[in-house]
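Please read the structure below before turning to the comments.
None of these values were measured; they are calculated from a predicted model. Chain letters run A, B, ... following the sequence lines, proteins first, then strands; residues in each count from 1.
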Number of protein chains: 2
Amino acid sequence: MTSAAKTPASEPSGADPAEPTARQAAVLDAVLTLLQEKGGQLTMTAVARQASCSKETLYKWFGDRDGLLTAAVQWQASRVRAGSYDRQKLDASSLRDSLSDFAANWLSVISSATSIALNRVAIAHAASKQSNLGQIVLDNGRFAIGDRLKPVLEEGRAAGLLAFDDTEAAFRTFFGLAGRDVQIRLLLGDKLKLGKAEIARDAAAATDQFLTLYGRAAPAPATA
Amino acid sequence: MTSAAKTPASEPSGADPAEPTARQAAVLDAVLTLLQEKGGQLTMTAVARQASCSKETLYKWFGDRDGLLTAAVQWQASRVRAGSYDRQKLDASSLRDSLSDFAANWLSVISSATSIALNRVAIAHAASKQSNLGQIVLDNGRFAIGDRLKPVLEEGRAAGLLAFDDTEAAFRTFFGLAGRDVQIRLLLGDKLKLGKAEIARDAAAATDQFLTLYGRAAPAPATA
DNA sequence: AACGAGCCGTACCGTACGTTACGGTTCGGT
DNA sequence: ACCGAACCGTAACGTACGGTACGGCTCGTT
């Protein structure tokens, strides 16, 4: 973004990632791989070598270094979006399972090497540049899970299983109970092994705590 | 830390910050100021200009860029350490006040421009270099507040006001309830104004939730 | 007054890296 | 078979910045 306003290359220079070609996806995978292995010292030369492509191609496809980083973040985000958790039946048990699944999934994501690396570069970017990398990561992380979880919470409320006034506040409580200090510790380099067993246990514990705070035993129809 | 094992300058090259001179403290303040204003693009030249000193002096005092950053982090940490919360009387009301104070203080710290800037550089460092900046920030942030809060929790348990098995787990729950998504959002550049009123309200709410999960109404002497 | 330590300001050096340019190769279209 | 587009590999350029050297100034000491 140092001297933009050039010929916008093919297409991924704008804010719309559209769909990268298979070859471009391979390049972006190389970026993600290098990001995890080498950390912040990601150079265009290293990307070109890892992806077996020329730097000229990188600049033609992605404009500049920021464009490449942005495309990589969006590429990773596009593959994280998945499970839509189709709710029909909604009883106390299935609600608990849904919440626990959400917490476990979130813990898995934020403790993955890819997520840690991407959050680090986005945070480093937010420190100096004006680029929207941080916003992109937020939109596909914190806010995306909020958008997916809030409907579940509201269905739970409609079914009389949960009680709260502010959906956003309830979600943020759940977010805090599930994540606690995990993300900041990992971002700061703390060794913190989270195996599947720990994640499942912590997710269940967070769900229990959330239900203690917001749960209602049985459907309570109508108003007060 | 790039090529240590030189003549260790005066003294702040090791792990012991000891006590910086007034002049050195002014330099470190300049670092913190620049870190907030300019973000990650902190250059030695800019520090020298801001502090009205020569680069030669910076290198004599702090060894290299990492040494300067480390000293700045520890300098900031040394001034954050304060309130020891001397507990003698401990009833339900004072426990609630203590917890709420802790939460409010923590929210104030992590939402301050200085903390955000320091956490960003520490995270960026944790990404590439092997430096212990991230560990220093963790020790003076997350772990420091844990060491100060855990005794309060255990006194509360001894007084029959709280019930938990694992002090660490109880603290992490409190940490999550208080912090929720605040820190990650701020680090990623999200606009999130936290005034004194919001902090006080959120701290009180987190305390209420924590007491709902872990509180016991009255002293319950002896075992079951 | 003379001296030396410490420090400021600045010029300078070496390197890393983003970005560009260019020659050579592959490959689909005609 | 020929052409042009796309792309690979690499050399080259410009700049930013960490680190060093040095001349001059200030100030405390004798």
Rounded to whole Å, how long is the line connecting atom CG of B:Leu42 with atom C1' of D:dG18?
12 Å
Determine the minimum heavy-atom distance between B:Val47 and B:Val27, stating which atoms define it.
CG1-CG1, 4.4 Å
Applying side-chain hydrogen bond (donor to acceptor under 3.5 Å, both in side chains), can you list everything that pairs with B:Thr167, at least two apart in sequence or on another chain?
B:Glu154
Nearest-nucleotide pick for B:Tyr59, side chain only, options being C:dC7, D:dG19, C:dG18
D:dG19
Does A:Arg180 have any salt bridge (charged side-chain N to carboxylate O under 4.0 Å, His left out) partners at least two apart in sequence or in another chain, and if so, which?
A:Asp202
Rounded to the nearest angstrom, tell me the gap between atom CZ in A:Arg49 and atom P in C:dG18.
12 Å
In whole Å, what is the span from the CD atom of A:Gln24 to the P atom of D:dA6?
13 Å
Might you confirm whether atom CG of B:Asp166 has over 12 heavy atoms from other residues, nucleotides or ligands at distances under 6.0 Å?
yes
Terminal axes of the helix from C:dA1-D:dT30 to C:dT30-D:dA1 (five pairs each): angle between them, nearest 10 degrees:
0°
How would you list all residue pairs meeting salt bridge (Lys or Arg N to Asp or Glu O under 4.0 Å) that involve residues 25-50 of chain A, not counting sequence neighbours?
A:Asp29-A:Arg79
Roughly how far, to the nearest 0.5 Å, is CD of A:Gln36 from CG of A:Leu42?
11.5 Å
Please report, rounded to the nearest Å, how far the P atom of D:dT20 is from the CZ atom of B:Phe62.
16 Å
Just call it for B:Leu58: base, sugar-phosphate, or nothing, with non-hydrogen atoms closer than 4.0 Å on any strand.
nothing
Residues pairing under salt bridge (Lys or Arg N to Asp or Glu O under 4.0 Å) where one sits in residues 133-147 of chain B, two or more places apart or in two chains, turn out to be A:Asp181-B:Arg142, B:Arg142-B:Glu168
Write down the distance between CD (B:Gln41) and P (D:dC17), rounded to a whole number of angstrom.
8 Å
A:Leu68 CG to C:dG18 P, in whole Å, measures 10 Å
Kindly assign one of parallel, tilted or perpendicular to the pair A:Trp106 and A:Phe175, based on the angle between their ring planes and the thresholds 30° and 60°.
tilted
Can you tell me if A:Ser115 uses its side chain to pair, donor with acceptor, with the backbone of A:Ser112 under 3.5 Å?
no
Could you give the CZ-to-P distance, from A:Arg65 to D:dA16, as a whole number of Å?
16 Å
B/S/- along nucleotides 8-14 of chain D (protein heavy atoms under 4.0 Å) is BB-B---
Between C:dT19 atom P and A:Lys60 atom NZ, what is the distance in whole Å?
17 Å
